[in-house]
Amino acid sequence: MNYRHAYHAGNFADVLKHVVLAALIEALKAKPTPFAVVDTHAGSGCYALEGKEAQKTGEWREGVGRLLFPDVGPHAETGGALPALLRRWLDGLLALPGNEHGLKLYPGSPMQAALAMRDTDSAQLCELHPEEAARLRELFGHDRRMHVHQRDGYEALGALLPPKEKRGLVLIDPPYEAQEAEYRLIEQALKAALARWPTGVYAVWYPIKLRSQVQPFLRWLGHCGARRVLRAELLVHPDDSPLRLNGSGMAILNAPWKLDEALREPLRALARLLRQERPAEWRLDWLAEETAEPSPPPLSRSRGRR
């Protein structure tokens with residue numbers, strides 16, 4: 001309840017999460033039938049990058065700020081145009097009202113989903129914090145597609161799944177205030193959710209500080225019962241220090257067909273553009289797969305001029 005995402009909006013972890021979210025929604029839109037998005041930890045929906053919280057940390061400058069001018073700055077290197085998915089995602093941010101003269105507002109997952117969804121799709125937004133839930137209602141009060149629930153997102157899955165559309169996505173993006181214990185909460189929630197809605201797509205964001213802290217969760221995902229589990233990670237620091245956020249990942253259960261292909265070039269570009277004092281690393285592989293096809297190489301590095 002003490003976490004405020006406004007301090008971290010638009011950082012490198014947000015960029016990874018939201019690019020994966022964009023790819024997932026594009027995959028869902030490939031079929032004409034409606035879909036639902038369920039966001040278990042929705043936040044307040046939109047964040048002012050010129051606000052005191054974002055200005056205090058400045059994290060967005062090393063995240064989405066790097067994508068605004070990808071060919072200039074101390075970490076730039078010749079890499080060509082942004083991959084199409086990244087370009088569409090960034091253009092969507094800049095098209096948000098209030099960003100006509102540059103990126104001033106960074107939309108959170110609910111707003112990014114709303115911008116990408118069709119009129120026939122819907123979203124269920126869960127947020128326990130009263131002020132942030134009120135902000136969500138203010139943002140989406142006139143949007144019949146968006147439904148706000150001030151309640152615990154894990155508990156809400158029992159009532160919200162399966163959605164009436166029978167297809168869609170659950171985004172699980174907690175603040176990890178419970179630290180390693182949060183993974184056990186996610187496992188319990190996913191186990192129950194998969195029992196209720198085994199064909200749903202589930203996307204789980206996780207922080208990476210020490211690799212040893214996340215490894216048991218990743219092993220669990222490999223045997224959770226989902227047909228396919230895709231992992232996408234981005235590391236801007238070595239994963240060997242508990243004192244800072246070194247990277248983050250997205251685990252996608254029942255990943256849509258060819259999602260790995262859609263993410264490969266964007267991840268490679270993000271590793272190049274979001275590097276810090278050392279080359280960034282990215283990982284895209286299958287934790288569980290229903291076919292015997294070989295996985296892509298698990299780890300790549302982006303090396304640029306210092």
Which value, rounded to the nearest 0.5 Å, describes the distance between Glu62 atom CD and Gln276 atom CD? 5.5 Å
Does the side chain of Gln55 reach to within under 4.5 Å of the side chain of Arg61, using non-hydrogen atoms? yes
Criterion side chain to side chain contact (heavy atoms under 4.5 Å, CB included) on Leu218 and Val229, from CA distance to verdict: CA-CA 10 Å; Leu218 298 177; Val229 181; over 6 Å; no
Heavy-atom pair with the smallest gap, counting every atom of Leu85 and Pro266: CD2-CG, 3.8 Å
Would you check if the side chain of Ser109 reaches a backbone N or O of Gly45 as a donor-acceptor pair within less than 3.5 Å? no
Roughly how far, to the nearest 0.5 Å, is CZ of Arg135 from SG of Cys46? 6.5 Å
Note, Lys104 side chain near Asn99 side chain (heavy atom, < 4.5 Å): yes
Would you mind listing every salt bridge (Lys or Arg N to Asp or Glu O under 4.0 Å) that reaches into residues 144-154, with sequence neighbours excluded? Asp143-Arg145
Any sub-3.5 Å donor-acceptor pair from Gln179's side-chain atoms to Glu177's backbone N or O? no
With distance as the sole test, does Thr120 use its side chain to make a donor-acceptor pair with the main-chain N or O of Pro34 at under 3.5 Å? no
Taking all atoms of both residues into account, what is the closest heavy-atom pair of Leu16 and Leu234, and its distance? CD2-N, 4.0 Å
Gap between atom CH2 of Trp197 and atom NZ of Lys166 - 0.5 Å precision: 9.5 Å
Please check: side-chain N/O of Arg66 versus main-chain N/O of Arg275, any donor-acceptor pairing under 3.5 Å? yes
In this structure, which one of Gln112, Glu59, His8, His5 forms a side chain to side chain contact (heavy atoms under 4.5 Å, CB included) with Asp14? His5
Could you pull out all residues at least two apart from Glu187 that satisfy salt bridge (Lys or Arg N to Asp or Glu O under 4.0 Å)? Arg184
For residues Arg264 and Trp282, determine if any side-chain heavy atom of one lies less than 4.5 Å from a side-chain heavy atom of the other. yes
Under a 4.5 Å side-chain heavy-atom rule over Ile, Leu, Val, Met, Phe, Trp and Tyr, are Val204 and Ile25 clustered together? yes
Which heavy atom in Phe12 sits nearest to a heavy atom in Gly247, and how many Å separate them? CE1-CA, 3.6 Å
Between the side chain of Tyr106 and the main-chain N/O of Val64, is any donor-acceptor distance below 3.5 Å? no
Test item: Glu127 and Arg137 side chains (from C-beta on) under 4.5 Å apart, heavy atoms: no
Report the C-alpha distance between Gln215 and Leu210 in whole Å, list the side-chain angles of each, state the deciding distance to 0.1 Å, and finish with yes or no for side chain to side chain contact (heavy atoms under 4.5 Å, CB included). CA-CA 9 Å; Gln215 201 61 39; Leu210 289 174; over 6 Å; no
Atom CZ in Arg272, atom CG in Leu82: separation rounded to 0.5 Å? 7.0 Å
Quick one: CH2 on Trp220 to CD1 on Ile186, what's the gap to the nearest 0.5 Å? 9.5 Å
If only atom types and distance count, is the side chain of Asp39 paired as donor or acceptor with the main-chain N or O of Leu125 below 3.5 Å? no
For Lys29, look at atom NZ and say whether over 12 heavy atoms of other residues, nucleotides or ligands are found less than 6.0 Å away. yes
Would Glu26 and Arg88 pass as an ion pair if we require N to O under 4.0 Å? yes
Is any side-chain heavy atom of Leu160 closer than 4.5 Å to one of Cys126? yes
Evaluate the criterion side chain to side chain contact (heavy atoms under 4.5 Å, CB included) for residue pair Leu96 and Leu103; output intermediate values, then yes/no. CA-CA 9 Å; Leu96 185 71; Leu103 189 63; over 6 Å; no
Do you reckon Leu94 sits in the same ILVMFWY cluster as Tyr47, going by side-chain contacts under 4.5 Å, direct or chained? no
OG1 of Thr40 to CG of Leu185, rounded to nearest 0.5 Å, is 11.0 Å
Is the backbone N or O of Pro238 less than 3.5 Å from a side-chain atom of Asn246, with the two atoms forming a donor-acceptor pair by type? yes
Any Val19 side-chain heavy atom under 4.5 Å of Leu267 side chain: no
Would you say Val236 and Tyr7 are hydrophobically clustered, going by side-chain heavy atoms of ILVMFWY under 4.5 Å? no
Would you find more than 12 non-hydrogen atoms of other residues, nucleotides or ligands less than 6.0 Å from Asp119 atom CG? no
Could you see if Ile252 belongs to whatever hydrophobic cluster contains Trp286? Use Ile, Leu, Val, Met, Phe, Trp, Tyr and a side-chain cutoff under 4.5 Å. yes
Indicate yes or no: does Arg268 engage Glu265 in a salt bridge with an N to O separation below 4.0 Å. yes
Taking all atoms of both residues into account, what is the closest heavy-atom pair of Leu230 and Ala255, and its distance? CB-CB, 4.0 Å
Out of Tyr176, Tyr154, Trp205, which residue meets the ring-ring contact (aromatic ring centres under 6.0 Å, His included) rule with His41? Tyr154
Between Ala232 and Leu284 the two heavy atoms that sit nearest each other are CB-CD1, 3.9 Å
Is it the case that over 12 heavy atoms from other parts of the model lie below 6.0 angstrom from the CD atom of Glu131? no
Are Val170 and Leu190 close enough that some pair of their side-chain heavy atoms sits under 4.5 Å apart? no
Glu233 meets the salt bridge (Lys or Arg N to Asp or Glu O under 4.0 Å) criterion, sequence neighbours left out, with Arg211, Arg231, Arg283
Nearest heavy-atom neighbours spanning Leu194 and Cys224: CD1-O, 3.9 Å
Determine, for Arg244 against Glu277, whether the closest basic-nitrogen to carboxylate-oxygen distance falls under 4.0 angstrom. yes
For Tyr202 and Leu157, run side chain to side chain contact (heavy atoms under 4.5 Å, CB included): C-alpha distance rounded to whole Å, both residues' side-chain angles, the deciding distance at 0.1 Å, then the answer. CA-CA 12 Å; Tyr202 300 85; Leu157 293 180; 5.7 Å; no
Test item: Met117 and Phe35 side chains (from C-beta on) under 4.5 Å apart, heavy atoms: yes
